Amino acid sequence: MDDLKKYNNQEIVELIKKGKVGLADLVDSGICPTCFDKMNNHILYGDNKDKIIYEDELFECFLVGNPRAEGHTAISTKKHYKDMMEIDDETCEKIFLIAKKLMQIIKEVYEAESVYLCTMCDGPMNHFHIQLIPRYSCEKRGSKNFVKPRFEYVENKEKLIKLREYMK
Ligand SMILES: [Zn+2]
């Protein structure tokens, strides 16, 4: 794919619809897929409203569509930052306070033994986010929990309601 920067937004949308452009092409052209998705009616990732746990003017917390564990959650900034090194101190403080609260809630709601936290934005284009990955008592401790195999998200309405309630 040529550099997508020569196309306008609508032209790129059409190319995606035709299956001629994918996520990697956007990234390679320096276009943030997360921001592009938001501006274009969730054309890349689909609407995630059913997975949102909490949002305010700065952040969005949602269950991951291809989780590594039940309760695998992402916290993302609404504004575009490439990685954690780009965010201002105030935003950094706030996002970690949200992460702390959400970790405790995930631990309780999913009866996890622990919740791991990581952020690893890398490559030519990224949208800063933090991942929270539960570890269950049947699982061994350690960094392998960061790379547990992904599976398809299945909604658990009862747990989702609790998560939303506790995050209010
Ligand atoms: Zn972005």
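Every number for a ligand or one of its atoms is a count from 1 in the order of the listing. For this chain, numbers begin at 1 and follow the sequence in order. Source: prediction; values computed, not measured.
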Colleague: Suppose we screen for ring pair (Phe, Tyr, Trp, His ring centres under 6.0 Å). Which residues come up paired with Tyr116, at least two apart in sequence or across chains?
Modeller: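 With neighbours one apart ignored, the set is Phe146.
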
Colleague: Any salt bridge linking Glu14 with Lys18? Criterion: basic side-chain nitrogen under 4.0 Å from a carboxylate oxygen.
Modeller: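 No salt bridge links Glu14 with Lys18.
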
Colleague: Answer yes or no: are there more than 12 heavy-atom neighbours, outside Glu155 itself, under 6.0 Å from its atom CD?
Modeller: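 Enclosed.
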
Colleague: Do the charged groups of Lys144 and Glu139 touch, with an N to O distance under 4.0 Å?
Modeller: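 Here Lys144 does not pair with Glu139 in a salt bridge, since their nearest N and O are not under 4.0 Å apart.
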
Colleague: Regarding Asn48 and Lys51, is there a side-chain donor-to-acceptor distance under 3.5 Å anywhere?
Modeller: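 Result is no, nothing qualifies.
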
Colleague: Verify the distance criterion only: is there a donor paired with an acceptor across the side chains of Asp83 and Asn126 at less than 3.5 Å?
Modeller: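 Side-chain D/A pair, Asp83 to Asn126: absent.
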
Colleague: With the Zn ion (ligand 1) as the centre, enumerate protein N/O/S atoms below 2.8 Å in chain and residue order.
Modeller: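 Only Cys32 SG, Cys35 SG, His80 ND1, His127 ND1 fall inside 2.8 Å of the Zn ion (ligand 1).
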
